[in-house]
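Working notes for the structure below.
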Amino acid sequence: MAARPATKPLVSALPPRKAGEVRYWLLKQEPEAFSFDDLLRAPKRTTCWDGVRNYQARNYMRDHMAVGDQAFYYHSNAEPPGIAGICEIVRAAYPDHTAFDPADDHFDERSDPDAPTWYMVDVRALEAVDPVFPLETLRTLPGLDGMLLLQRGSRLSVQPVTAAHWKRIRAAIAKR
DNA sequence: GCCAACGTTGGC
DNA sequence: GCCAACGTTGGC
């Protein structure tokens with residue numbers, strides 16, 4: 001058994017939230033499906049984050065997100081890929097009803113309405129990051145060691161971001 | 001469009 | 001429980 005590479009210190013279990021603590025996240029979305037501009041144009045600048053079908057991503061949403069947490073809105077499969085906006089969680093996890101709808105792309109026949117498998121949260125746009133702050137630039141910033149997004153093969157669509165990384169990135173965006 | 005990396009599935 | 005096959009993600 002080879003040693004687990006040092007580049008893989010996944011934050012799978014987060015410590016308990018302290019009273020009043022704000023947590024930070026990164027939410028991936030393909031702009032072709034729903035861009036940050038789409039969110040700005042949505043009623044109340046709010047949408048439900050439906051369609052997550054990965055257990056780890058679900059666990060972060062269901063077990064660790066709270067109203068008031070903030071998140072980077074990240075455009076994946078985009079040109080360029082990068083941070084397109086800042087948003088906040090405005091509703092904590094509740095069942096993802098799209099899993100119950102056979103007509104929906106994200107239908108999952110195994111998700112039982114009486115014991116839902118999949119959950120979503122509601123997010124509201126706070127401000128655009130315009131132009132997009134590119135992944136390529138994130139890779140050049142010091143102080144982002146261990147950031148999940150920057151690790152090879154990282155595909156998780158809901159990722160925790162440490163407060164230190166959040167501050168570092170916000171500062172880099174502001175100073176640009 | 002390519003393809004490496006990943007998560008899930010299912011045979012055994 | 002192992003692990004090969006498969007489908008998906010997402011940068012490039």
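Just so you know, these numbers come straight off a predicted model, no measurement behind them. Chain identifiers are assigned alphabetically (A, B, ...) following the order of the sequence lines, protein sequences preceding nucleic acid strands; residue numbering begins at 1 within each chain.
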Take the protein atom CG of A/Leu138 and the nucleotide atom P of C/dG10, then report the distance between them rounded to whole Å. 15 Å
Between atom CG in A/Leu156 and atom C1' in B/dT8, what is the gap in whole Å? 15 Å
Applying a 4.0 Å non-hydrogen cut-off, can you work out what A/Arg139 is touching in the nucleic acid: base, sugar-phosphate, or nothing? sugar-phosphate
A/Arg152 side chain N/O closer than 4.0 Å to the phosphate oxygens (OP1, OP2) of B/dC3? no
Touch class at under 4.0 angstrom, heavy-atom based, for A/Arg58 against every strand present: nothing
Report yes or no: do A/Asp38 and A/Ser35 form a side-chain donor-acceptor pair below 3.5 Å? yes
Interatomic distance where CD belongs to A/Glu30 and P belongs to C/dT8 [whole Å]: 13 Å
Side-chain ion pair, A/Lys44 and A/Asp122, N-O less than 4.0 Å: no
Taking NZ from A/Lys28 and C1' from B/dC6, how many angstroms apart are they, rounded to a whole number? 11 Å
Side-chain atoms of A/Arg155 come closest, of B/dT8, B/dG7, C/dG11, to B/dG7
How close or far is atom P of B/dG7 from atom CH2 of A/Trp118, stated in whole angstroms? 13 Å
Mind calculating the distance between CG (A/Asp108) and P (C/dG7) to the nearest angstrom? 17 Å
Expressed in angstrom and rounded to an integer, what is the separation of A/Gln56 atom CD from C/dT9 atom C1'? 15 Å
Of A/Tyr55 and A/Asn77, the one whose nearest nucleotide on DNA chain B sits closer to the 5' end is A/Asn77
Can you give me every donor-acceptor pair (side chain of residues 72-84 of chain A, partner residue at least two apart or in another chain, under 3.5 Å) with its distance?
from    : atom 1 : to      : atom 2 : distance (Å)
A/Tyr73 : OH     : A/Phe34 : O      : 2.6
A/His75 : NE2    : A/Phe36 : N      : 3.1
A/Asn77 : ND2    : A/Glu30 : OE2    : 3.0

Hey, is the side chain of A/Tyr74 poking within less than 4.0 Å of OP1 or OP2 on C/dT9, counting only N and O atoms? no
Heavy-atom pair of closest approach, residues A/Ala57 and A/Leu156: N-CD1, 3.9 Å
For atom CD of A/Gln159 and atom P of B/dG7, their distance in whole Å: 12 Å
Do A/Thr162 and A/Arg168 have a side chain donor and acceptor closer than 3.5 Å? no
